[in-house]
There are 2 protein chains.
Amino acid sequence: MSERDVAEAIAIDAETRTHGHGDHKDELRLWLRLLTCTNLIEAEIRSRLRERFNVTLPRFDLMAQLEKAPDGMTLGELSRRMMVSAGNVTGLVDRLVQDGLLERHAAPADRRSSLVKLTAKGHESFATMADAHGDWIGDFFDQLNDGDMGELMRLLGRTKASVRRAMEQGEEQGNKE
Amino acid sequence: MSERDVAEAIAIDAETRTHGHGDHKDELRLWLRLLTCTNLIEAEIRSRLRERFNVTLPRFDLMAQLEKAPDGMTLGELSRRMMVSAGNVTGLVDRLVQDGLLERHAAPADRRSSLVKLTAKGHESFATMADAHGDWIGDFFDQLNDGDMGELMRLLGRTKASVRRAMEQGEEQGNKE
DNA sequence: ACGAATTATTTTAAGCTTAAAATATCTCGC
DNA sequence: GCGAGATATTTTAAGCTTAAAATAATTCGT
């Protein structure tokens, strides 16, 4: 690195630190890689679920939530846990009931709600799919050793915390301040 | 930990190493965190693009591709680069043309294709959005230092390679073998 | 130059997704 | 017990997404 390059680097760095808005090139590259990596895996899971079990990922996710709730769950609870809109859940549940994988029951105490649970067929179907799904994920991360996996967990945790902080700050701007 | 538990742990571990299919618990937790982290960021970007610029993420992504191609691009090229179906691109382009952000031109040499490019309005609109977008991403990763970012890049690279390898292996199973 | 195979794009049908409006029910203070 | 506001769900309208079928044009071997 030449003297001039060093000087330039220092100048740019000073500018960035001072004014706090560089070009965010590294961050953009990192975000792109994170997105590509996730999309690659998700697309493969979708594809395999469709080809081998004729099921969509949202339906699989919904069944996974119900598997953990033997006594059933309300649509609102499903909506919150899956982090999707209530209207979305209504449609998914309708189609799964149509397929005989779910049952709707009137909620005992609240006539606005209904409880949803897996049918026997639903349980059986999910168990098979979850087995395969677990194996796929295992294969996808097969080349990472324990150290890599732990480090990746840690860094993603830091990232999530950083994003949440940025979201809170952004929210304050959106309000009064 | 009792003697029995230790023995059991060793037995399970031996079984896992021997047959290569444990419960994949760590991998599933890692995948879940990766997915959550990406979805968190993506949802926030979608939300901000919609609120502040009244634009969807797919439209923003399409415009970003065209920004890098001053002479325009065919729909097929857009489809490949965005990694979405051709039919999807047709619809997106139609709506963006409707909004006056894109122009379609007959391709000079191939009457099957059309070239798409940003209009002046499209360029201007994208420049504003890209600036804000870059700042958002910068903020999201603000709490990560250079070492963390480099390490995350490296680990995501390893992950992508691992997934691609698993996909190739899975493909072989799907064919003749 | 003919025709088969390939390539580029569009259309179609189905499902996912959301925000916003509409319904229905519940809760709580009075 | 009444009524206002909160809560649970459904409906609606619009857009995104895909796979598969349909069109249209090109390429290439002969």
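For the numbers below, each heavy atom of this structure counts, side chains included, while hydrogens, waters and symmetry mates do not. Below, chains carry the letters A, B, ... as their sequence lines are ordered, and counting in each starts from 1. All values derive from a computational prediction rather than experimental measurement.
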Margin query: If I take atom CG in residue Asn54(B) and atom P in nucleotide dA20(C), what distance separates them, rounded to the nearest angstrom?
Written below: 11 Å
Notebook entry, point to check: What is the distance, rounded to the nearest whole Å, between atom CE of Met83(B) and atom C1' of dT17(D)?
Noted result: 15 Å
Kindly give the atom pairs (protein nitrogen or oxygen, nucleotide nitrogen or oxygen) under 3.5 Å for nucleotides 22-26 of chain C.
unit_1: dT25(C); atom_1: O2; unit_2: Arg112(A); atom_2: NH1; d: 3.3
unit_1: dC26(C); atom_1: OP1; unit_2: Arg111(A); atom_2: N; d: 2.9
unit_1: dC26(C); atom_1: OP2; unit_2: Arg111(A); atom_2: NH2; d: 3.4

Next item on the list: Calculate the interatomic distance between Leu115(A) atom CG and dT9(D) atom C1'; express it in whole Å.
Entry: 13 Å
Check: Roughly, in whole Å, what's the span from CE in Met73(B) to P in dA8(C)?
Finding: 14 Å
Check: From the list dA8(C), dT18(D), dT10(D), which nucleotide is the closest neighbour of the side chain of Ser113(B)?
Finding: dA8(C)
Nucleotide N/O of nucleotides 11-16 of chain D paired with protein N/O under 3.5 Å:
unit_1: dC16(D); atom_1: OP1; unit_2: Thr56(B); atom_2: OG1; d: 2.9
unit_1: dC16(D); atom_1: OP1; unit_2: Arg59(B); atom_2: NE; d: 3.1
unit_1: dC16(D); atom_1: OP2; unit_2: Arg95(B); atom_2: NE; d: 2.1
unit_1: dC16(D); atom_1: OP2; unit_2: Arg95(B); atom_2: NH2; d: 2.4

Item checked: Leu49(B) CG to dT18(C) P, straight-line distance once rounded to whole Å -> 16 Å
Next item on the list: Output yes when a side-chain donor or acceptor of Ser162(A) lies under 3.5 Å from a complementary backbone atom of Phe140(B), and no otherwise.
Entry: yes
Check: Which atom names give the shortest non-hydrogen contact between Glu42(A) and Trp31(B), and what distance separates them?
Finding: N-CH2, 3.9 Å
Checklist line | N/O (side chain, Ser79(A)) to phosphate O (OP1/OP2, dT9(D)) under 4.0 Å | finding: no
Notebook entry, point to check: Does OP1 or OP2 of dT10(D) have a side-chain N or O of Arg104(A) closer than 4.0 Å?
Noted result: yes
Notebook entry, point to check: So, does Thr159(B) use its side chain to make a donor-acceptor pair with the main chain of Leu155(B) at under 3.5 Å?
Noted result: yes
Note to self: Tell me if a side-chain donor or acceptor on Lys160(B) pairs with a main-chain N or O of Leu40(A) at a distance below 3.5 Å.
What the structure shows: no
Notebook entry, point to check: Do side-chain atoms of Ser79(A) reach the backbone of Leu75(A) as a donor and acceptor pair under 3.5 angstrom?
Noted result: no
Notebook entry, point to check: For Asn145(A), does the CG atom sit with more than 12 other heavy atoms under 6.0 Å from it, leaving out its own atoms?
Noted result: yes
Checklist line | Interatomic distance, Leu57(A) CG vs dT17(D) P [rounded to whole Å] | finding: 15 Å
Notebook entry, point to check: Hey, is the side chain of Ser114(A) poking within less than 4.0 Å of OP1 or OP2 on dA8(D), counting only N and O atoms?
Noted result: no
Notebook entry, point to check: So, does Ser114(B) use its side chain to make a donor-acceptor pair with the main chain of His105(B) at under 3.5 Å?
Noted result: no
Checklist line | Closest approach of Met167(B) to Arg48(A) (non-hydrogen atoms, all atoms of both residues) | finding: CA-NH2, 4.1 Å
Check: Looking only at heavy atoms, which two atoms of Arg95(B) and Arg59(B) are closest? And how far apart?
Finding: CD-NH2, 3.3 Å
Check: How is Val89(B) classified with respect to the nucleic acid when contacts are heavy atoms under 4.0 Å: base, sugar-phosphate, or nothing?
Finding: nothing
